[in-house]
Number of protein chains: 2
Amino acid sequence: MASVTTRSTPLPAPWDGVRAQLHDRGLRWTPQRRLLVEVLARTDGHVTAAELLESCRAIDPATIPSTVYRTLDVLEELGLLRHAHGPEGREEYHVLPREEHGHLHCAGCGGRWEIGADDAAALVATLAARDGFAVDLSHLVVVGRCRGCGAG
Amino acid sequence: MASVTTRSTPLPAPWDGVRAQLHDRGLRWTPQRRLLVEVLARTDGHVTAAELLESCRAIDPATIPSTVYRTLDVLEELGLLRHAHGPEGREEYHVLPREEHGHLHCAGCGGRWEIGADDAAALVATLAARDGFAVDLSHLVVVGRCRGCGAG
DNA sequence: GGGCTTGTCGCCACAGTATGCAATAACAAA
DNA sequence: TTTGTTATTGCATACTGTGGCGACAAGCCC
Ligand SMILES: [Mn+2]
Ligand SMILES: [Mn+2]
Ligand SMILES: [Zn+2]
Ligand SMILES: [Zn+2]
């Protein structure tokens, strides 16, 4: 049988550190995880979990959904991903989040924009001061109607 | 066969008007819709779509999921319901929304609170002024950690 | 290299939600 | 009351995501 460990391309930073990060936590570096990491390394911005699964299957059709979903959870714990939910509740991942930001979705045209930390600052501060609540900005999705789409 | 039109209990306001509201729009009053409306009339605050389905099945085990989900959409269009999404993206309905409000969810303990229009005012105003974006406050779910649960 | 430990995979079953389609039934008009 | 129109149902099916479980294999130690 052919060797499975595709020594193909070395991973770019910070993905080349994932193996070590996993080992530090007593977790393992498997072909399935390497495949997803390779896919992620070629992705930037926002992707759906389902899209990532599809990309993996394009390379290895034997890819199992639950393995991908579980690996996404692990990588999120390592801080390499953050997820939020689209207007219909489906998972959307943000790869290599630089500055934390929320998301703005128009229910009319489907347009999407980012919400900067400064835009949310007032809400975050209000909830922190009054309730001691720490908002997870990355997970925040604000739905409504953009200028072009007008009132519902 | 037995008559299906359970003339059982007359519906309380504003549910007693649903039939007329439907007819005004060329839509129909069916036993399936009546059943869900009866369940909703006994519900207050927030419910999951799945919980509503279950409640319907408790009364009529023949209840079909897609019929319930479709009816929920219709009733939301009539303004009798609003929905948002829990932290995992599942649908949560707000029955007979009085004042519009958003939701605050703690990812640690699962605690839930409401966000008043005043709490969100700054964010809403910012997005309206800068982008002409009209926020749907009812659909807003802010996830994070409450005071007791501390930082993640 | 050869074992051991235990994290992970593959598989299955299921929860929750959405959609196309043909058969049915609600409603209104006659 | 009968008929005709067409909204709605039921069904089959698909999609997204979760969780249990036994078989497997990654990594450590010798
Ligand atoms: Mn929604
Ligand atoms: Mn989430
Ligand atoms: Zn728009
Ligand atoms: Zn908490």
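Note that these values count all heavy atoms, side chains included, but never hydrogens, waters or copies made by symmetry. What you see is a predicted model, and the numbers here were worked out from it, not measured in a lab.
In this structure, Asp73(B) places its CG atom 15 Å from C1' of dT9(D), rounding to the nearest Å. Residue Leu72(B) contributes atom CG, which lies 12 Å from atom P of dT9(D) at whole-angstrom precision. The CZ atom of Arg34(B) sits 18 Å away from the C1' atom of dT9(D) (whole-angstrom rounding). Atom pair Glu77(B):CD and dT8(D):P shows a separation of 11 Å (rounding to whole Å applied). The CG atom of Leu53(A) sits 14 Å away from the C1' atom of dG10(C) (whole-angstrom rounding). One can place CG of Leu36(B) at 14 Å from P of dT8(D), the figure rounded to the nearest angstrom. When the P atom of dG10(C) is taken as reference, atom CG of Leu35(A) falls 11 Å away, rounded to whole Å. Distance Arg57(B) CZ to dA15(C) C1': 12 Å, rounded to the nearest Å.
With the nearest nucleotide of DNA chain D identified for both Arg33(B) and Ser66(A), Arg33(B) has the one nearer the 5' end. Along DNA chain C, the nucleotide nearest Glu92(B) and the nucleotide nearest Arg28(A) are compared for position; the residue whose nucleotide lies closer to the 5' end is Arg28(A). Residues His23(A) and Val74(B) both approach DNA chain D. Their nearest nucleotides, taken by heavy-atom distance, put Val74(B) toward the 5′ side.
Within 4.0 Å (heavy atoms only), Gly89(A) reaches no atom of the nucleic acid at all. Arg90(A) comes within contact range of the sugar-phosphate backbone alone, with a heavy-atom separation under 4.0 Å but no base atom that close. Contact annotation for Ala62(A): no contact, since no heavy-atom pair falls under 4.0 Å across all strands.
The heavy-atom pair separating Arg33(A) from Arg28(A) by the smallest distance is NH1-O, 2.9 Å.
Checking dT5(D), dT18(D), dG27(D) against every side-chain atom of Glu91(A), the shortest atom distance belongs to dT18(D).
For the pair Gln32(B) and dA25(C), the criterion of a side-chain N or O lying under 4.0 Å from OP1 or OP2 is not met. Under 4.0 angstrom from either OP1 or OP2 of dC9(C) there lies at least one side-chain N or O belonging to Thr30(A). Close to dA7(D), at under 4.0 Å from its OP1 or OP2, lies no side-chain N or O of Arg70(B). When the side-chain nitrogen and oxygen atoms of Tyr69(A) are compared with OP1 and OP2 of dT18(D), none of them lie within a distance under 4.0 Å.
Remark: Thr48(B) OG1 to His83(B) NE2 distance equals 12.0 Å, nearest 0.5 Å.
Two residues are said to be in side-chain contact when any heavy atoms from C-beta on lie closer than 4.5 Å; Val95(A) and Leu81(A) meet this criterion. Within the 4.5 Å cutoff, the side chain of Leu75(A) has heavy atoms near those of the Val37(A) side chain. Contact of the Val141(B) side chain with the His105(B) side chain is registered, since non-hydrogen atoms from C-beta on lie closer than 4.5 Å.
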